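Reading through the structure tokens given below for one structure.
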2 protein chains.
Amino acid sequence: MGRWEPNAQGRLAEAALDLYSERGYEQTTVAEIAKRAGLTERTFFRHYADKREVLFAGAGELEKLFVQAVAGAPPEAAPIDALARGLDAVSEVFADRRAYACRRHAVITANAELLERELIKLSSLSAALADTLRRRDVPEPAASLAAEAAVAVFKIGFERWIATPENTGACDLAQQVREALAELRVVAAGDAAVRART
Amino acid sequence: MGRWEPNAQGRLAEAALDLYSERGYEQTTVAEIAKRAGLTERTFFRHYADKREVLFAGAGELEKLFVQAVAGAPPEAAPIDALARGLDAVSEVFADRRAYACRRHAVITANAELLERELIKLSSLSAALADTLRRRDVPEPAASLAAEAAVAVFKIGFERWIATPENTGACDLAQQVREALAELRVVAAGDAAVRART
DNA sequence: CTGTCGATGGCAGTCACTGACATCGACAGT
DNA sequence: ACTGTCGATGTCAGTGACTGCCATCGACAG
């Protein structure tokens, strides 16, 4: 047993999400978050680089998971198919965390600064994926484009998943992402009939 | 004639880019920027919402230009072709500003906070494009996906343009963007042979 | 018993950003 | 010419994010 309550980092993250939800990101001070977690402001900044980062603790693991799934695809798979593996893998992670994902998403979309941080995390993800594709001998600019497209597919699939009422049949993230990927293929092909479909 | 030197906003933007280039974004204080422009810190914040925004004054016009070009495409054009119009229009704007674009790009990529701001501007652009496509009766998620893809195409085309030595034959932005768009079509089609090409 | 170590607290300081109020020259109306 | 309004700026005090430095304290090894 340590000298302090365990999991200081987790307590800070929970306190932050609570406060950001209740009174908004800007109306919350770091001192308040720390106090709710039974710590001081100074200690908050030892665990998280800044006031936003406390909502993005899991980004690193997510990136690792995505990258490993892509890297593990058969060498002969096309870039887009390798990326599809990663999309499936990442989608699974969120399957049983929909409520948490919704809360977090609501907080982030409500504040521009948090949105900026989210975007740079996705950009970092995209860069990591592009690098992974390059290691699979995909040349530029195909690697970067495929990576950016895959991240866009996930982002849009995710948003549609969040927007879906929970008791709907089609409230599966993996399914939304697959649909988005299929739609990208159609759009990129330049099908003018896109507008004729639902 | 006014009471003060004209174009305070422009002087601030120039001073900021100079200082950010010379000693880096973080090592520059707003007071220093204002002083170099012959103004005070308080006045800086009357012209720009924050220390980063001073580098993104033109983002609004760029978005407007892109959107109008897309909206002006023939109604029967496929989404991707309408977006290609916008890409062409935007590329033209940068044609004779390569040196400035390079300087600005170097400053932005050197700092994570500035990168975040750049990404949210691109995100805003993507949202505006998706909205424009929706007005052209493109359904979701096709509209959002096409918009995100177009922005990715521009981003990557732009980066390759910046990275190209100036005296190279292929140092035209519009051309880089067109190549990136073509590459996206190939990648999205799932062509495993991507890796076989240059 | 003692020295080290890691997580924390306390405190002073910098800087981004804001609100309230004062200043000053231009310009319009009289 | 007199005067009142207006817009851009200056001044100043304040808040809050974030950092550096040093002190504290319990655990643990020897």
Side-chain angles (χ1 to χ4, degrees), chain A residues 1-57 107-108 110-118 120-121, chain B residues 1-57 107-108 110-118 120-121:
Chain A
M1 293 297 293
R3 174 179 164 200
W4 305 274
E5 294 301 312
N7 195 24
Q9 203 146 330
R11 270 152 46 216
L12 285 167
E14 192 180 349
L17 184 55
D18 286 349
L19 288 169
Y20 292 170
S21 296
E22 288 170 20
R23 58 180 98 162
Y25 170 80
E26 287 177 356
Q27 281 64 49
T28 304
T29 69
V30 173
E32 288 168 344
I33 299 169
K35 189 172 183 181
R36 177 171 296 207
L39 295 166
T40 65
E41 186 181 0
R42 188 67 187 87
T43 299
F44 176 96
F45 287 109
R46 287 203 178 90
H47 287 283
Y48 297 103
D50 59 50
K51 192 184 168 187
R52 303 167 223 172
E53 198 64 19
V54 67
L55 290 182
F56 298 88
V107 168
I108 290 174
N111 182 270
E113 289 183 48
L114 292 173
L115 204 46
E116 285 185 340
R117 183 56 52 89
E118 169 109 317
I120 208 172
K121 295 293 184 188
Chain B
M1 294 298 294
R3 174 178 164 199
W4 306 272
E5 294 300 313
N7 195 23
Q9 203 148 329
R11 269 151 49 215
L12 284 167
E14 192 180 349
L17 183 56
D18 285 349
L19 289 170
Y20 292 171
S21 295
E22 288 171 19
R23 57 180 98 163
Y25 171 80
E26 288 177 353
Q27 282 64 48
T28 304
T29 69
V30 174
E32 288 168 343
I33 299 170
K35 189 172 184 182
R36 177 172 294 207
L39 296 166
T40 64
E41 185 181 2
R42 190 66 185 86
T43 299
F44 176 96
F45 288 110
R46 287 201 179 92
H47 288 281
Y48 298 102
D50 58 51
K51 192 183 168 187
R52 302 168 225 170
E53 199 64 18
V54 67
L55 290 183
F56 298 89
V107 168
I108 290 174
N111 181 271
E113 289 183 47
L114 292 173
L115 204 47
E116 285 185 340
R117 182 56 53 88
E118 168 110 316
I120 208 172
K121 295 292 182 188

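Labels below follow one simple rule: chain letters A, B, ... track the order of the sequence lines, proteins then strands, and each chain is numbered from 1. Bear in mind the structure is a predicted one, so any value in this text is a computation, not a measurement.
The two residues A/Pro6 and A/Arg11 come nearest to each other via the heavy atoms O-NH1, 3.1 Å. The two residues A/Tyr25 and A/Glu113 have their closest heavy-atom pair at OH-OE1, 3.7 Å.
Across the protein-nucleic acid pair, A/Phe44 atom CZ and D/dA17 atom C1' stand 10 Å apart, rounded to whole Å. In this structure, A/Glu116 atom CD and D/dA17 atom P are separated by 17 Å, rounded to whole Å. B/Leu39 places its CG atom 10 Å from the C1' atom of D/dG10, with the value rounded to the nearest Å. When the C1' atom of C/dC17 is taken as reference, atom NZ of A/Lys51 falls 13 Å away, rounded to whole Å. Atom CH2 of B/Trp4 and atom P of C/dT23 are 14 Å apart (whole Å). In this structure, CG of A/Leu12 is placed 15 Å from C1' of D/dA17, rounded to the nearest angstrom. Between A/Glu113 atom CD and C/dA16 atom P the separation is 15 Å, expressed in whole Å. Protein atom CZ of B/Arg23 is 15 Å distant from nucleotide atom C1' of C/dC15, rounded to whole Å.
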Test side chain to side chain contact (heavy atoms under 4.5 Å, CB included) on A/Glu53 and A/Asp50; report intermediate values, then the result. CA-CA 5 Å; A/Glu53 198 64 19; A/Asp50 59 50; 3.7 Å; yes
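Regarding contacts with the backbone of D/dA8, every side-chain N or O of B/His47 stays at 4.0 angstrom or more from both OP1 and OP2. Distances shown here put a side-chain N or O of A/Thr40 below 4.0 Å from the OP1 or OP2 atom of C/dG9. Put simply, A/Thr43 has a side-chain N or O that comes within less than 4.0 Å of OP1 or OP2 on C/dG9.
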Pairs under 3.5 Å (N/O, protein and nucleotides 4-6 of chain D):
none

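A salt bridge is absent between A/Glu26 and A/Lys51; no separation between the charged side-chain nitrogens and carboxylate oxygens falls under 4.0 Å.
Here the side chain of B/Phe45 is nearest to one of C/dT8, D/dA17, C/dT18, namely C/dT18. Of the candidates C/dA16, C/dG6, D/dG20, the closest approach to any side-chain atom of A/Arg42 belongs to D/dG20.
Mapping B/Arg46 and B/Asp50 onto DNA chain C via the closest heavy atom, the residue that lands nearer the 5' end is B/Asp50. When each of B/Arg11 and A/Ala31 is assigned the nucleotide of DNA chain D with its nearest heavy atom, B/Arg11 is the one assigned upstream, toward the 5' end.
When side chains are defined from C-beta on, A/Tyr48 does not count as touching A/Val30, because their heavy atoms never get closer than 4.5 Å. Under the 4.5 Å side-chain criterion, counting only non-hydrogen atoms from C-beta, B/Val54 is in contact with B/Phe44. When side chains are defined from C-beta on, B/Tyr20 counts as touching B/Ile33, because their heavy atoms get closer than 4.5 Å.
In a base pair of the Watson-Crick type (N1 to N3 plus N6-O4 or O6-N4) or a G-U wobble (N1-O2 and O6-N3), with each distance short of 3.5 Å, C/dG19 is matched with D/dC12. With a 3.5 Å ceiling on both atom-pair distances, the Watson-Crick or G-U wobble partner of D/dC28 is C/dG3.
In the displayed structure, B/Glu14 atom CD is contacted under 6.0 Å by at most 12 heavy atoms of other residues, nucleotides or ligands.
Here B/Ala8 lies in heavy-atom contact (under 4.0 Å) with sugar-phosphate atoms only.
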